[in-house]
**Student:** 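Questions regarding the structure given below will be posed in turn.
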Amino acid sequence: MTSDLATYFPLLKCRVHEVCGASSLSFAAAAAAQSGGEVFWIREAWRSERLNPVGLSEFIDPSKLLIAQVKDQLEGLAVMEEVLRDGGVSIAITDLSEAIGLTEGRRLQLAAKAGKTIGLCRISEGMGSNAAETRWRCAPVLDMDDSTLQRWELIKNKSGTLRAWNVRWNAAARRVHVAASVTE
Amino acid sequence: MFDGMQRRVASMWLPRLPSDRALRLRPVDGPFVLTLKESNAERVYCLNAEAERQGLSKGMPYSDARAYCPDLQSRAADRVGDAGFLHVLRRWATRYCPWVGLEGDDGLVLDITGAAHLYGGEAMMLSDMRQRLSRAGLTAQIGLADTRGAAWGLAHFGEGLAAPGQALAALGALPIAALRLEDKTATALMRLGLRTVSDLAGSPRAPLARRFGPELMMRLDQALGRQPEQVTPLADPPHYGVRITLPEPIGLQGDVMAGASRLLKALCAKLKAQDVGARVLCLTLRRVDQEAQTVELRLARPLRDPQRILPLFERGVADVDAGFGIDQMRLEAVQVLPLPAQQISTVTLSCKDQLDDLISRVGTRIGLENIQRVLPADSHIPERSFLTAPAAYSEPEGPWVALRPRPLNLFPPEPIAGTASQPPRQFRWRRMSLSTARATGPERITPEWWLVDDNWRSGVRDYWHVETRQGRRLWLYFTPQNPGWFVQGEFA
């Protein structure tokens with residue numbers, strides 16, 4: 001039972017998680033959809049890439065989305081901690097451009113615990129912090145029948161084993177379906 | 001009114017208020033007029049004495065005025081500003097007496113009963129008024145009499161002082177228009193041969209009342225004091241500022257917060273009395289060396305609850321440099337908005353409150369306008385299919401409709417190699433070599449010709465949803481009018 005996606009995927013509350021890989025954006029969107037409440041997305045203002053709320057509407061209701069444009073990562077982390085500690089939103093997502101240390105990671109964990117909120121950091125490959133509860137690597141997979149197939153790998157897990165799943169996003173039900181579990 | 005005190009009213013007429021105000025701001029020599037656009041023609045709204053000397057008059061077309069007077073200088077009239085200036089003058093006039101009201105849009109009326117002796121008598125008071133107004137560059141005519149009507153007539157037609165009980169003697173020689181009559185009535189009375197006020201006062205009342213209605217006699221009675229007329233003083237607009245002066249300078253953050261808490265309670269009581277909430281608050285901390293430090297707090301929505309506002313000040317107060325200590329604190333609600341009382345009951349409301357507080361708190365750190373929400377927009381152009389607006393100044397809107405699959409993110413178009421109208425089989429993008437496995441499209445989007453957008457100069461776009469063998473699902477477009485391929489977004 002412990003190896004089921006349902007054990008890990010609606011991400012554990014009161015914790016901060018990490019996701020990397022080409023599909024990290026859709027993982028974040030799916031996590032936001034599963035959290036079911038207000039979504040606070042922290043982005044650095046200099047990035048030219050923009051979230052497209054029309055595309056996100058397959059996952060979440062964009063009217064529940066708040067986007068904070070921050071100057072740099074330090075400010076972003078401060079805002080993230082504030083938001084996690086407040087508990088007014090159900091998930092806070094941030095895009096990290098540099099690796100964070102153990103202190104920052106631990107502070108985020110404590111804030112999430114205080115606010116009973118989910119935190120999710122989108123990171124680059126191999127940039128994770130040791131304080132993260134789980135770390136996922138997500139990549140799209142070509143599938144001639146469906147265009148949402150992805151491979152989600154759990155590459156760090158503080159309270160369980162590591163595994164990988166092939167999943168699809170069901171836009172009508174707004175939930176993740178496991179296509180087939182992948183064995184290493 | 002108690003016995004023995006004769007009521008005295010001063011009327012102050014400022015015939016050139018708009019042009020005097022404009023010239024105070026930026027003086028000019030020579031003839032000067034203010035123009036106002038009325039029924040599609042520029043007309044002279046107000047003019048200075050020099051322009052009047054050259055034969056111009058109020059209400060004449062501006063083009064005629066320029067023909068009469070080639071060196072005429074003009075500016076546009078600002079009626080709202082003039083009204084504001086008159087209110088400023090009204091507040092100034094309370095230096096003479098507490099009972100000051102507005103007379104039309106170019107005058108003030110002061111009930112100076114029992115106040116004249118403070119200036120050494122009525123004549124001295126009038127000369128003081130004239131002196132101060134002329135020093136301020138304002139043309140004024142002032143009349144003083146027992147009644148509002150008589151004072152008005154004197155201000156507009158005679159400029160002078162009517163001794164107590166001598167209203168008729170002072171008004172008698174003035175034309176009939178000094179009784180605040182309509183133009184039509186005044187003309188008709190002139191035709192009857194009643195040219196002055198004393199003519200009218202000596203005529204039998206009944207036939208005139210039958211001919212002109214009760215208003216004519218009412219105006220006469222008001223001017224002569226047979227019928228009362230009140231001066232309505234305007235209340236000062238509410239002031240949302242409180243301050244505290246400390247006997248000893250303070251420097252600890254906790255002490256400053258305790259002071260702020262006291263100020264906030266007093267301010268919120270003021271706000272509550274007026275049914276408004278503060279949107280922007282400004283806390284000024286004056287140090288013993290006369291330096292002042294300001295903490296500005298912008299709220300996500302109007303509030304007047306001290307318990308909710310106080311924690312939001314913590315961050316700003318922590319950044320203040322207290323120096324040798326703070327001995328005066330001042331708290332002002334810079335921007336207030338109406339906030340009617342609300343029934344507090346349900347749980348959902350408090351959830352929204354929590355989110356607003358969060359926005360305010362994060363806003364103190366990164367700026368309130370940097371917390372945004374997205375609103376749907378009616379456009380097929382992907383970049384314009386949504387709007388971003390500051391969350392504090394907008395409400396969530398819906399519904400969101402995606403007619404066709406749209407990517408999760410959008411980036412500025414990144415060119416890839418290829419000029420054919422079908423998606424390239426192989427291409428390189430962001431240093432990755434990708435090969436197309438399945439392409440869905442095209443979806444043609446034409447630029448919105450009514451808006452200028454440099455990104456769409458290359459003409460129509462054919463959008464393709466391309467799934468690569470390597471997994472990435474990209475949103476490509478081809479510009480047929482200017483052959484080239486670009487990547488603009490990525491799907492889930």
Side-chain angles (χ1 to χ4, degrees), chain A residues 21-23 25-30 37-38 40-43 45 47-71 75-76 78-80 82-83 85-89 115 138-144 146-151 168-169 171, chain B residues 315 351-359 361-367 369-377 382-383 385-388 391 395-412 432 437-438 440 465 467-475 488-492:
Chain A
S23 279
L25 190 60
S26 63
F27 179 87
E38 298 278 341
F40 203 97
W41 206 304
I42 299 158
R43 307 186 57 111
R47 285 175 190 265
S48 59
E49 201 174 295
R50 293 206 289 168
L51 288 177
N52 182 14
V54 185
L56 276 178
S57 64
E58 294 257 302
F59 293 85
I60 57 171
D61 178 7
S63 61
K64 290 188 169 181
L65 176 67
L66 289 173
I67 301 172
Q69 306 274 5
V70 294
K71 181 168 89 245
E75 201 176 75
V79 172
M80 178 85 167
E82 185 107 44
V83 171
R85 196 176 292 281
D86 178 78
V89 299
C138 305
V141 177
L142 176 67
D143 180 13
M144 293 314 274
D146 175 53
S147 56
T148 60
L149 189 68
Q150 294 179 12
R151 179 189 161 90
R168 297 176 199 285
W169 176 255
Chain B
R315 189 182 149 68
C351 176
K352 188 171 178 331
D353 282 353
Q354 194 181 5
L355 200 63
D356 284 332
D357 284 358
L358 176 66
I359 292 172
R361 204 159 56 240
V362 175
T364 60
R365 189 184 289 273
I366 64 170
E369 63 286 340
N370 284 331
I371 304 170
Q372 300 167 335
R373 70 168 95 244
V374 285
L375 307 172
E383 300 93 328
S385 58
F386 61 94
L387 298 170
T388 51
E395 286 296 315
E397 278 179 33
W400 288 81
V401 184
L403 294 173
R404 293 167 186 285
R406 284 285 182 259
L408 281 179
N409 61 354
L410 291 172
F411 31 81
M432 284 180 288
R438 183 168 62 173
T440 318
H465 177 184
E467 292 171 51
T468 60
R469 283 189 203 289
Q470 288 74 18
R472 308 293 284 250
R473 304 183 180 103
L474 301 174
W475 210 35
Q488 206 194 358
E490 193 171 2
F491 286 88

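Proteins come first, then strands; the chains are lettered A, B, ... in the order of their sequence lines, and each starts at number 1.
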**Student:** So which residue, A:Ala30, A:Gly55, A:Ala29, ends up with the most heavy-atom pairs under 4.5 Å with chain B?
**Tutor:** A:Gly55

**Student:** Are more than 12 heavy atoms from other residues, nucleotides or ligands located less than 6.0 Å from atom CZ of B:Arg404?
**Tutor:** no

**Student:** Given that the side chain runs from C-beta out, which part of A:Asp61 has a heavy atom under 4.5 Å from chain B: side chain, backbone, both or neither?
**Tutor:**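 Contact with chain B is through the side chain of A:Asp61 alone.
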
**Student:** CD/B:Glu490 to CD/A:Glu49 distance, rounded to the nearest 0.5 angstrom?
**Tutor:** 8.0 Å

**Student:** Please state whether the side chain, the backbone, both or neither of B:Thr468 comes within less than 4.5 Å of a heavy atom of chain A.
**Tutor:**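 For B:Thr468, the contact with chain A is made by the backbone alone.
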
**Student:** Is B:Leu375 in contact with chain A via its backbone, its side chain, both, or neither, using a 4.5 Å heavy-atom distance?
**Tutor:** neither

**Student:** Heavy atoms, side chains only, cut-off 4.5 Å: are B:Phe386 and A:Arg50 in contact?
**Tutor:** yes

**Student:** Does any non-hydrogen side-chain atom of B:Asn370 lie less than 4.5 Å from one of A:Val70?
**Tutor:** no

**Student:** Within the 4.5 Å heavy-atom criterion, are A:Leu142 and B:Glu467 side-chain neighbours or not?
**Tutor:**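 A:Leu142 vs B:Glu467: side chains touch.
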
**Student:** Kindly give the heavy-atom pair with the smallest separation between B:Leu355 and A:Gly88, and that separation in Å.
**Tutor:**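 Of all heavy-atom pairs spanning B:Leu355 and A:Gly88, the closest is CD1-O, 3.9 Å.
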
**Student:** Using a 4.5 angstrom heavy-atom cutoff, name the option from A:Thr148, A:Leu65, A:Val83 with the most pairs to chain B.
**Tutor:**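 Maximum pair count with chain B is reached by A:Thr148.
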
**Student:** Between the main-chain N or O of A:Leu51 and the side-chain N or O of B:Asn409, is there a donor-acceptor pair closer than 3.5 Å?
**Tutor:** no

**Student:** So what's closer than 4.5 Å to chain A heavy atoms on B:Glu397: side chain, backbone, both or neither?
**Tutor:** backbone

**Student:** Quick one: of B:Gly471, B:Pro382, B:Gly489, who has the most non-hydrogen atom pairs under 4.5 Å with chain A?
**Tutor:** B:Gly471

**Student:** Decide yes or no for B:Leu408 and A:Phe59: does some side-chain heavy atom of the first lie under 4.5 Å from some side-chain heavy atom of the second?
**Tutor:** yes

**Student:** Measuring only between side-chain heavy atoms, which start at C-beta, is A:Asp86 closer than 4.5 Å to B:Gln354?
**Tutor:**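 A:Asp86 reaches B:Gln354 side chain to side chain.
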
**Student:** Checking the side chain of B:Arg406 only, and the main-chain atoms of A:Asn52 only, is there a donor and an acceptor separated by less than 3.5 Å?
**Tutor:** no

**Student:** Where do A:Val79 and B:Ile366 land on the side-chain contact (heavy atoms from CB on, under 4.5 Å) test, with the steps shown first?
**Tutor:** CA-CA 8 Å; A:Val79 172; B:Ile366 64 170; 3.6 Å; yes

**Student:** Could you have a look at B:Gly363, B:Ala391, B:Pro412, B:Pro399 and say which one has the most heavy-atom pairs with chain A under 4.5 angstrom?
**Tutor:** B:Pro412

**Student:** Sort out for me which of A:Ser23, A:Ala78, A:Ala171 touches chain B most, counting heavy-atom pairs under 4.5 Å.
**Tutor:**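 Winner by heavy-atom pair count: A:Ala78.
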
**Student:** Against chain B, work out which of A:Cys138, A:Ser26, A:Pro53 has the most heavy-atom pairs shorter than 4.5 Å and name it.
**Tutor:** A:Pro53

**Student:** Tell me, for A:Leu149 versus chain B, whether the close heavy atoms (under 4.5 Å) come from the side chain, the backbone, both or neither.
**Tutor:** both

**Student:** May I ask you to decide if A:Ala139's main-chain N or O and B:Arg472's side chain share a donor-acceptor pair within less than 3.5 Å?
**Tutor:** no

**Student:** State, with a plain yes or no, whether a side-chain heavy atom of B:Arg473 is found less than 4.5 Å away from one of A:Ser147.
**Tutor:** yes

**Student:** Can you tell whether the side chains of B:Arg365 and A:Glu75 come within less than 4.0 Å, N to carboxylate O?
**Tutor:** no

**Student:** Answer yes or no: is there a side-chain heavy-atom contact under 4.5 Å between A:Val89 and B:Leu358?
**Tutor:**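 In contact.
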
**Student:** Contact part of B:Glu395 toward chain A, heavy-atom cut-off under 4.5 Å: side chain, backbone, both or neither?
**Tutor:**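 Neither; nothing under 4.5 Å.
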
**Student:** Give a yes or no answer on whether the side chain of B:Arg361 reaches the backbone of A:Glu82 with a donor-acceptor pair at less than 3.5 Å.
**Tutor:**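 Checked: no pair found.
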
**Student:** Restricting to non-hydrogen atoms, name the atom on B:Ser385 and the atom on A:Val54 that form the minimum distance, rounded to 0.1 Å.
**Tutor:**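 For B:Ser385 versus A:Val54, the nearest heavy atoms are OG-CG2, 3.4 Å.
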
